[in-house]
Every structure is written in C-alpha cells, then in structure tokens.
Amino acid sequence: METISFGRLWPETLALARRHAELILPVAAAFLFLPQLLFSWHIGDTLPADLFKGDRLVGDAVAFLGLLLVSLVGQLVISFVAMRDGTDGRTLGEILGRSLGLLLPALAASMIQGLAVGFGLLLLILPGLWLLSRLVVVMPLLASDQPDPIQALRTSWQLTGGQALRIIGMLAILIFGFVLISLGINGLGVALGVLSTVAAGQPAEGWGIGRWLLEVASAGTSALLGVAYLAFLATLCRALQALPRVPA
C-alpha cells in the first residue's frame with residue numbers, strides 16, 4: 001500500500017513553490033507580509049496586556065480583523081494555486097475574486113477547526129494534536145474544490161483516516177525546521193537593527209531604521225514560512241487524495 005512521508009512530500013513542496021514563485025510571492029507580499037508589517041506598526045511598543053483596552057479597543061479590533069481577513073484571502077489564493085498546480089486557466093483577478101467569495105466559509109471553517117483543536121489541546125495536548133492532524137487539509141480543500149466548510153471538514157477527516165500519527169510526525173518536523181529558520185533570520189534582523197540604530201541613532205518618535213529592519217525581517221520570514229506551510233498542506237492533501245481508499 002502506498003504511504004506518505006515527509007521525505008517525499010517536502011521536495012515536491014519546494015518544486016511546487018519554485019514553479020509558481022512568480023505568482024505566489026507577490027500574493028504573499030501583498031496579503032501576508034504587508035498586513036503583518038502594518039499590524040506591527042499599529043501596535044508599536046504597546047504591551048500585550050494593554051491591547052484591546054480603553055481607547056485602543058476599536059482601533060486594535062479593526063487592525064486585527066483587517067489582518068485576519070486579508071491574510072485569509074492570501075491563504076486561499078496560494079492554496080488554490082498549490083492545489084491546482086497552477087491557475088487552472090484563470091487570471092489572478094479571477095482567483096482573487098473567487099477567494100473573496102470564499103472568505104466567510106474559510107473563516108467559519110477556521111473557527112471550527114481552531115475551536116476543535118484548542119479544546120483538544122486542553123485535554124492533555126495529545127487529543128488536540130490528533131484533531132489537528134485530522135483537520136489539517138481543510139484550507140486546501142476549501143480553496144480548490146469544496147466551498148462548503150462543513151463538507152471540507154468532513155472530507156479532511158475522511159482523507160486523513162489512518163494517517164494521523166504520520167501527519168503529526170511530518171508537522172513536527174516542519175514546525176521544528178520553521179522555528180530554527182525563524183530564530184536565525186530574526187536573530188540576524190536584531191543584529192542589523194542594533195547596528196543601524198547605533199550608527200543612525202534612535203528617533204524621538206516612531207521607529208528608527210533598526211526597528212524597521214527588525215520588523216521587516218520578522219514579517220518577511222513569517223510570510224515565506226506561511227507560503228511553505230500552505231504549499232506543504234496542498235502537497236499533503238493531493239498525496240492523501242491519491243491514496244487508495246479502503247471501502248467502509
């Protein structure tokens with residue numbers, strides 16, 4: 001029986017990303033990188049405990065909702081391209097329009113997925129990881145084939161049957177690698193930020209050059225890793241769809 005493995009799927013993910021980099025990277029810059037950078041600029045040096053309180057409530061809520069919705073559209077576009085291994089004959093405008101139409105279903109599916117996994121994590125962590133592995137391909141399914149969020153959740157559950165432990169292992173490898181890459185790039189951003197601040201000085205108000213370098217490095221890393229994660233989920237979903245189904 002055919003099996004899925006990280007060693008097979010990751011090279012396929014990289015090849016997929018390279019094939020469509022001229023489309024995916026601009027989308028990631030507009031819908032993942034820029035919104036996060038603007039959200040970080042909005043927050044500034046505000047402590048997490050002070051967010052969404054008092055006079056900040058409306059502004060913070062609007063900024064967070066904008067970040068969530070815009071990034072979700074970007075995720076849908078990237079997932080569509082990755083699942084179809086191209087644009088499927090559509091223009092970027094048509095894919096964007098389709099993704100905007102899927103915004104509410106994607107939001108509903110993400111909320112259901114998040115609540116299920118979050119509840120599972122409260123139950124000694126392992127149930128949450130298991131639920132994550134069973135619902136992990138909801139986004140690529142929703143973006144490409146199944147605009148009904150409930151059907152996308154159901155199909156993800158069916159596709160991942162019998163593969164939960166293998167998927168958890170692959171996600172663990174992927175996330176561990178992402179953490180190392182993020183630490184390395186953000187560490188470089190901190191070093192460049194400190195050096196540029198020492199050289200140019202700190203402005204009386206707002207961000208200096210050093211802070212901008214740090215935030216750009218952080219948002220850029222997050223966007224690139226987000227692309228890699230979405231492409232991997234699409235590759236995983238296609239591999240699961242190709243597996244022979246055992247009759248119920």
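Numbering of residues begins at 1 and proceeds along the displayed sequence. Just the heavy atoms: all of them, side chains too, but no hydrogens, waters or symmetry mates, feed the values below. On a predicted model such as this, the values are computed, not experimentally measured, just so you know.
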What are the two closest heavy atoms between Gly101 and Pro105, and how far apart are they? O-CD, 3.9 Å

Taking only residues two or more places apart in sequence, or in another chain, which ones meet Phe178 in a ring-ring contact (aromatic ring centres under 6.0 Å, His included)? none

Check for a donor-acceptor pair, side chain of His20 on one end and backbone N or O of Ala82 on the other, with a separation under 3.5 Å. no

How about CG on Leu165, more than 12 heavy atoms from neighbouring residues, nucleotides or ligands closer than 6.0 Å, or not? no

On a heavy-atom basis, which atom in Ile185 and which in Ala217 lie closest, and how many Å separate them? CG2-O, 4.2 Å

Phe64 atom CZ, neighbour heavy-atom count above 12 within 6.0 Å: no

If you take all heavy atoms of Gln113 and Leu135, which pair is closest and at what distance? NE2-O, 2.7 Å

Could you measure the distance from the OG atom of Ser144 to the CE atom of Met139? Nearest 0.5 Å is fine. 11.0 Å

Measuring from atom CZ of Phe80 to atom CD1 of Ile95, what distance do you get when rounded to the nearest 0.5 angstrom? 5.0 Å

Give a yes or no on whether the backbone of Ser5 and the side-chain of Arg166 come within a donor-acceptor separation of less than 3.5 Å. no

When you look at Gln151 and Thr155, which way does the side-chain hydrogen bond (donor to acceptor under 3.5 Å, both in side chains) test go after all the steps? CA-CA 6 Å; Gln151 184 59 39; Thr155 302; 3.2 Å; yes

Could you tell me which non-hydrogen atom of Trp10 sits nearest to which non-hydrogen atom of Ala228, and how far apart they are? CH2-CB, 4.2 Å

Would you check if the side chain of Ser222 reaches a backbone N or O of Ser218 as a donor-acceptor pair within less than 3.5 Å? no

Hey, does Val70 have a side-chain heavy atom less than 4.5 Å from the side chain of Leu32? no

Side chains of Leu102 and Leu72, heavy atoms from C-beta outward: is any pair under 4.5 Å? no

Checking Arg98 side chain against Ala143 main chain: does a donor-acceptor pair fall under 3.5 Å? yes

Any Leu16 side-chain heavy atom under 4.5 Å of Arg19 side chain: yes

Side chains of Leu23 and Val77: closer than 4.5 Å at any heavy-atom pair? no

Do you reckon Leu131 sits in the same ILVMFWY cluster as Leu141, going by side-chain contacts under 4.5 Å, direct or chained? yes

Partner residues of Arg56 under the salt bridge (Lys or Arg N to Asp or Glu O under 4.0 Å) criterion, sequence neighbours left out: Asp60

Would you please test Cys237 and Leu159 for side-chain contact (heavy atoms from CB on, under 4.5 Å) and show each step? CA-CA 8 Å; Cys237 185; Leu159 288 175; 4.3 Å; yes

Do Glu12 and Thr235 get their side chains close enough for a donor-acceptor pair, meaning under 3.5 Å? no

Any side-chain heavy-atom pair of Ser71 and Pro35 under 4.5 Å: no

Could you work out, with salt bridge (Lys or Arg N to Asp or Glu O under 4.0 Å) as the rule, every residue matching Arg90, not counting sequence neighbours? Asp88

Just wondering, are more than 12 heavy atoms of other shown residues or ligands nearer than 6.0 Å to CH2 in Trp41? no

Same hydrophobic cluster for Leu233 and Leu14, using side-chain heavy-atom links shorter than 4.5 Å among ILVMFWY? yes

Can you see which heavy atom on Ser156 is nearest to which on Val138, and at what distance? CB-CG2, 3.8 Å

4.5 Å side-chain heavy-atom contact, Glu94 and Thr87: no

With rounding to the nearest 0.5 angstrom, report the CG to CD1 distance, Leu129 to Ile167. 12.5 Å

Using the rule that Ile, Leu, Val, Met, Phe, Trp and Tyr join whenever any side-chain heavy atoms are under 4.5 Å apart, tell me whether Phe6 and Val136 fall into a single cluster. yes

Pairwise side-chain contact, Gln163 with Leu243, heavy-atom cut-off 4.5 Å (strictly under): yes

Are Val27 and Leu92 side-chain neighbours, meaning at least one heavy-atom pair lies under 4.5 Å? yes

Path from Leu65 to Met111 over hydrophobic side-chain contacts below 4.5 Å: yes

Are Ile78 and Val137 linked, directly or through intermediate hydrophobic residues, by side-chain heavy-atom contacts shorter than 4.5 Å (ILVMFWY only)? no

At what distance, to the nearest 0.5 angstrom, does CZ of Arg238 lie from OG1 of Thr13? 9.5 Å

Would you compute the distance between atom CG of Leu67 and atom NE2 of His42 and round it to the nearest 0.5 angstrom? 10.5 Å

For Glu215, is there an ion pair with Arg211 - N to carboxylate O distance below 4.0 angstrom? yes

Here the gap from Leu153 atom CG to Gln146 atom CD, rounded to the nearest 0.5 Å, amounts to 10.0 Å

Could you tell me how the ring of Trp157 sits relative to the ring of Trp130: parallel (under 30°), tilted (30 to 60°) or perpendicular (over 60°)? perpendicular

Phe232 and Met170: side-chain contact (heavy atoms from CB on, under 4.5 Å), yes or no, with the steps? CA-CA 10 Å; Phe232 180 80; Met170 289 190 290; 4.1 Å; yes

Give the intermediate values and the outcome of side-chain contact (heavy atoms from CB on, under 4.5 Å) for residues Met83 and Gln241. CA-CA 11 Å; Met83 278 292 287; Gln241 290 175 327; 4.0 Å; yes

Nearest heavy atoms of Pro26 and Ala21, plus distance in Å: CD-O, 3.7 Å

Steps toward side-chain contact (heavy atoms from CB on, under 4.5 Å) verdict (Ser182, Leu225): CA-CA 8 Å; Ser182 182; Leu225 295 182; 4.2 Å; yes

